[in-house]
Amino acid sequence: MKFDMTFLNGNIYTMEREGSRVEALGIKDGLIVFTGSNKEAALYESEQVIDLQGKTVIPGMADSHLHMYAYCQNQTAVDLAGAKSIEEMVKLMSSKAAVVEKGKWIKGVNFDQTKWKENRFPTRRDLDRISTEHPIVIRRCCLHALVANTKALELAGVGPGYDGGAGGIVEFEEDGTPSGILREQSTKVFDEIIPDPLEDPEERERIMTEVLADMSEKGITTIHTYAAKIWRYNEDIEAYRALDREGRLPVRITVCIDELFEPEILTEAQKANPYRLVQFGAYKIFSDGSLGSRSAALRKPYADDPGNVGFVVCNQDTLIDKVMTGYEKGLQPAIHAIGDRALDMTLTAIEKTLENARKNGMTDGEMAERLPFRIIHVQMVDEKLVERMKQLPLVLDIQPIFLCTDLHWIGERIGTEREKGTYAWKTLQDAGMIITGGSDCPVETYDPIKGIYAAVTRKDFDGYPPDGYYPDEKLSVYEAVCAYTKNVHYATGQQEVLGTLTRGKFADLAVLDRDLFKIAEDDLKDIVVEKTFIAGRQVFTRS
């Protein structure tokens, strides 16, 4: 056999098992056909030889849960992630208002009030300081809450007594005037009237290709992107397919949708095709909100808001119906569950769905052939919940990088006792759960190196706390890398052809500037990706 490409002199971690390494890889038609030593590789001819010069190689990294369309939309808005106070937010937004025609919408994204010195939500009065002639909306980083100024409220028809509708929360001042804060489903009123900056196909393609190129620069070869129609974060699979047809798509794309699929795409979504770069994936279902906005559904009230137990998007019967309907159609339900009450409801829905499937004659063997249920976030667990999870076919899509932000306030939010069961990755790992790494971008950066650092150290990016937040829940470097490489592909049933650098699998890989298994854990965040390949095709090089 003559290889298309050979990698020599590498420190190549196959990730087949912990510590498994080879010096050389042989690639033919995008697949790995040889792994072994330099000496063995020398027995084969090759069209191209790449001398890795001792560099470390791992499988291409993945993000199991992000919102690509939302992130691309955000590139046209004011990024408030770096603001440290309401004053800084006002200043950033005012700079934008100074150059935008009066009457035009101004949008800010990624604000996080827990990072502000005031540690409170802004209101319409704060945004009115920016402008009363522009309608202004800023959305929290979690996407579950936004704040509007008076002009925007007027245009949206949000006034005294306004009903946020099923699944929505609108806050009011003492005199009954809207405060400007809206949460969950009620935010849709603005999504329906604010112009979509990506409606221009050329602008959308420009932003998308820039973002995808940046993902390649960070060693990402696969993403699972979720539409969020409740916020008008739609996903047009044809946009990705067009790039693929032109040979310009550097990342594998699985598009997941938060409504039941149309008949014409249902068959395609029921089973992944590993030879496609673009495919449909899971059916997304919401059960609650977020801890950051105090809308995650808890069994007991928030410690810092005693009258609040959070929010469920739908009741138990409706959730069961949604999960069951998706499963019966052959789809893979993927349920957003952050609070412990939401997770309890989600597990009940999955249990009832499987019970109903057996009642209708589906055998255990037939169910085993189906893709596992996905639970997204899983930020609060206890022993009983974990025991129930162990009995179910699950993949848990976690976001380790959340902890870099949340560790500063989560104890105040839910109290010390419940805090012990938050972000319990090692507990879930040791219980036999398959956990995958993601970012929920634009909530956090999609850089998987930063996610691996968070999973291993359980610290923020300043190294706090010195020993890590509940250090017993740290993942090993191997476990963390698995979460961002091979584990992700179990979620789509593609583990036979993706995720490890072994024979018969696609040559998706990342070349790193140092050995992540041999450096201090605090240095993990500084690793730099030097080259990225997808199916043996180089899609990024730093030199």
Side-chain angles (χ1 to χ4, degrees), residues 15 58-71 142-143 211-212 215-216 218-228 233 235 240 251-258 269 272 274 277-286 331-338 346 371-379 389 393-403 423 425 428-429 433-456 475 479-495 497-500 506 508 510 534:
M15 296 302 295
I58 62 171
M61 293 177 281
D63 192 308
S64 63
H65 183 87
L66 55 72
H67 305 280
M68 175 71 172
Y69 195 88
Y71 183 73
C142 66
L143 307 180
V211 172
L212 290 167
M215 288 178 171
S216 292
K218 291 174 171 56
I220 295 174
T221 55
T222 295
I223 63 168
H224 298 174
T225 180
Y226 281 74
Y233 294 151
E235 284 287 355
Y240 301 109
V251 176
R252 298 180 188 274
I253 311 285
T254 294
V255 176
C256 305
I257 297 178
D258 61 346
L277 286 186
V278 184
Q279 63 184 8
F280 282 106
Y283 163 45
K284 169 77 174 289
I285 303 168
F286 282 93
L331 297 172
Q332 178 188 39
I335 307 100
H336 164 118
I338 288 182
T346 296
L371 291 174
F373 294 84
R374 300 176 76 158
I375 305 181
I376 303 160
H377 304 310
V378 200
Q379 286 174 240
M389 292 163 74
L394 301 177
V395 165
L396 309 180
D397 297 325
I398 66 170
Q399 294 75 37
I401 198 166
F402 279 9
L403 190 56
Y423 314 88
W425 311 321
L428 296 170
Q429 177 82 34
M433 301 286 103
I434 296 175
I435 60 176
T436 74
S439 65
D440 207 10
C441 172
V443 177
E444 297 284 356
T445 174
Y446 50 67
D447 186 347
I449 293 297
K450 299 294 191 294
I452 290 169
Y453 163 86
V456 172
L475 296 182
E479 290 167 338
V481 175
C482 283
Y484 283 90
T485 56
K486 68 179 181 181
N487 289 4
V488 174
H489 303 293
Y490 282 91
T492 51
Q494 294 172 289
Q495 66 271 19
V497 291
L498 291 166
T500 62
F506 284 103
D508 292 12
I534 181 168

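Atoms considered below: every heavy atom in the structure, side chains included; atoms not considered: hydrogens, waters and symmetry mates.
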Go through Ile452 and Met61 one step at a time and tell me if the side-chain contact (heavy atoms from CB on, under 4.5 Å) criterion holds.
CA-CA 10 Å; Ile452 290 169; Met61 293 177 281; 4.1 Å; yes
For Ile223 and His65, what are the C-alpha separation, side-chain angles and deciding distance, and is it a side-chain contact (heavy atoms from CB on, under 4.5 Å)?
CA-CA 7 Å; Ile223 63 168; His65 183 87; over 6 Å; no
Full working for side-chain contact (heavy atoms from CB on, under 4.5 Å) between Leu66 and His224
CA-CA 6 Å; Leu66 55 72; His224 298 174; over 6 Å; no
Evaluate the side-chain hydrogen bond (donor to acceptor under 3.5 Å, both in side chains) criterion for residues Gln399 and Ser439: first the C-alpha distance (whole Å), next the side-chain angles of each, then the deciding distance (0.1 Å), finally the verdict.
CA-CA 5 Å; Gln399 294 75 37; Ser439 65; over 6 Å; no
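Geometric assessment of Arg252 against the ring of Phe506 yields a positive cation-pi assignment under the 6.0 Å and 45° thresholds.
We find the OG1-CD1 distance between Thr346 and Ile285 to be 8.5 Å, quoted to the nearest 0.5 Å.
When each of Val378, Ile376, Ile434 is tested with Leu396 by the rule side chain to side chain contact (heavy atoms under 4.5 Å, CB included), just one qualifies, namely Val378. Checked against Ser64 for a side-chain hydrogen bond (donor to acceptor under 3.5 Å, both in side chains), the options Thr222, Thr492, Thr436, Thr254 give a single hit: Thr436.
The two residues Pro400 and Tyr484 have their closest heavy-atom pair at CD-OH, 3.2 Å. Listed here is the closest heavy atom pair of Tyr69 and Thr225: N-OG1, 4.4 Å.
Under the rule for a ring-ring contact (aromatic ring centres under 6.0 Å, His included), the partners of Tyr71 that lie at least two apart in sequence or sit in another chain are Tyr446. Residues meeting the salt bridge (charged side-chain N to carboxylate O under 4.0 Å, His left out) test with Lys284, sequence neighbours left out: none.
Side-chain atoms of Glu235 do not come within 3.5 Å of backbone N or O of Cys256 as any donor-acceptor pair. A donor-acceptor contact shorter than 3.5 Å is absent between the side chain of Lys450 and the backbone of Thr445. Using a distance-only test at 3.5 Å, with no hydrogens or angles considered, no donor-acceptor pair links the side chain of Thr485 to the main chain of Pro59.
A donor-acceptor contact closer than 3.5 angstrom links the side chains of Asp440 and His67. Under the 3.5 Å distance criterion, with hydrogens and angles disregarded, a donor-acceptor pair is assigned to the side chains of Tyr423 and Gln379.
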